[in-house]
Amino acid sequence: MAPGKPDNQHLPDDLVELLETRPEICVLTGAGVSAESGVPTFRDAQTGLWAKFDPLSLASPEGFAEDPATVWKWYSWRRELISRVEPNDGHRALAGMQDALPGLTLVTQNVDGLHQAAGARDVLELHGNIRRTICSRTRREIPAEWLEAHSRDHPPPSPHDPEGLARPDVVWFGEALDREVLEAALEAADRCRLCIVAGTAGTVEPAASIPRVAARAGARVVDINPEVTEIGRAADWHLEGTSATWLPRIAAALSGSPGPG
Ligand code: OAD
């Protein structure tokens, strides 16, 4: 077996050795981490969200300006889907790792809140959270009760601005990320000794730069993904398979227990 290439059951020895030193860790997650909870990823050719819909018409300010009702209905559908799903073993393993190693920074591109539902704290949500709704003009939060009193087929008018509409508090294509959240994520990447990347295709910047920033600052990088991506090719280890399989093994190695098979 090539160095750094693990078998399907066990973590590579040098990764286990690094985990046993309880290194500073920065984790970056993407849609793949929620796939095993039943939330479709974005770029899967058959079932991915963007396979059925055009991302620019559904997730951009221009798309919303052109057809607010379609965008609203699409996010309402996703919000309902997300409200029915549960965190999986991957989310739970990460929350447990944070308990074992309080300095662990968890950065996510996901807007589903499943890391927090599993018990993770201080999650850096690069792309916002679909459960929150804001005014399209003032960006002030709109309470859930306001939404419940309005139709689901159209974005309700904003209570904060006569020309504003309700919209999800997520980052759309062409919009800037929250500066403080991004800076905190980049600082954690720069500081860490191990960067764990799970379930992302790594095609959206600046999120995809996090493992590069970590590697440049001297950290090792481990990528978990059933497919090999740019991030996996550049990583010290690519663990081929799903996050709900590998993250519990990493959590077990971190806590020094034999862990799941
Ligand atoms: P993608 O859908 O682009 O990629 C998901 C990745 O997860 C793929 O590389 C899959 O191979 C992998 N994957 C699938 N199932 C998995 C599993 N069970 N365990 C581990 N990996 C698995 O999703 P993201 O990379 O998260 O942005 O996409 C990044 C951003 O692009 C999203 O946040 C979204 C999208 O456009 C916005 O909406 C702004």
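Order of appearance sets the numbers: ligands from 1, and atoms from 1 within every ligand.
H160 places a side-chain N or O within donor-acceptor distance of the main-chain N or O of E141, the cut-off being under 3.5 Å. Counting only distance, with no hydrogens or angles, the side chain of S34 and the backbone of S37 share no donor-acceptor pair below 3.5 Å. Not one N or O on the side chain of T108 forms a donor-acceptor pair closer than 3.5 Å with the backbone of E125. Side-chain N or O atoms of D236 include one that pairs as donor or acceptor with a backbone N or O of V221 at under 3.5 Å. Under the 3.5 Å distance criterion, the side-chain polar atoms of N88 are matched with a main-chain donor or acceptor of V33.
Any N or O atom pair closer than 3.5 Å counts here, and S243 shares at least one such pair with ligand 1. The shortest N or O to N or O distance between W172 and ligand 1 is not below 3.5 Å. Between A201 and ligand 1, an N or O atom pair is found at a separation short of 3.5 Å.
For atom 10 (C) of ligand 1, the closest heavy atom belonging to the protein is N225 OD1, 3.6 Å. Scanning the protein heavy atoms around atom 17 (C) of ligand 1, the nearest turns out to be G32 O, 3.2 Å. Looking from atom 29 (C) of ligand 1 to the surrounding protein, the closest heavy atom is Q109 OE1, 3.2 Å. Of the protein's non-hydrogen atoms, the one nearest atom 25 (O) of ligand 1 is T200 OG1, 2.6 Å. Nearest protein heavy-atom neighbour of atom 30 (C) of ligand 1: V204 CG2, 3.7 Å. Of all protein heavy atoms, the one closest to atom 26 (O) of ligand 1 is A31 N, 2.7 Å. At the shortest separation from atom 2 (O) of ligand 1 among protein heavy atoms lies F42 N, 2.7 Å.
Within ligand 1, the atoms closer than 4.0 Å to a non-hydrogen atom of G199 are 5 (C), 6 (C), 7 (O), 20 (C), 21 (N), numbered from 1 in the order shown. Residue-ligand proximity, V171 to ligand 1, at heavy-atom distances under 4.0 Å covers atoms 39 (C). Those atoms of ligand 1 that come under 4.0 Å of a heavy atom in A35, given as number and element, are 15 (N). Counting atoms of ligand 1 from 1 in the listed order, those under 4.0 Å from a heavy atom of E227 are 8 (C), 9 (O), 11 (O). Interface of G30 with ligand 1, defined as ligand atoms under 4.0 Å from a residue heavy atom, comprises 26 (O).
The pair R212-E230 does not count as a salt bridge, with every side-chain nitrogen at least 4.0 angstrom from each carboxylate oxygen. Using a 4.0 Å cut-off between a side-chain N of Lys or Arg and a carboxylate O of Asp or Glu, D67 and K73 do not qualify as a salt bridge. Between R167 and E175 there is a salt bridge, since at least one side-chain N of the basic residue sits less than 4.0 Å from a carboxylate O of the acidic one.
Ligand 1 has no atom lying under 4.0 Å from any heavy atom of A198.
Checking T138 against D161 by side-chain atom types alone, no donor-acceptor pair falls below 3.5 Å. Side-chain contact, T245 with T242: a donor N or O sits under 3.5 Å from an acceptor N or O.
With a heavy-atom cut-off of 4.0 Å, E36 touches ligand 1 through its side chain alone.
Among H127, E240, R43, E205, the residue whose heavy atom lies closest to atom 35 (C) of ligand 1 is R43.
H91 and H115 have perpendicular rings, their planes meeting at more than 60° on a 0 to 90° scale where under 30° would count as parallel.
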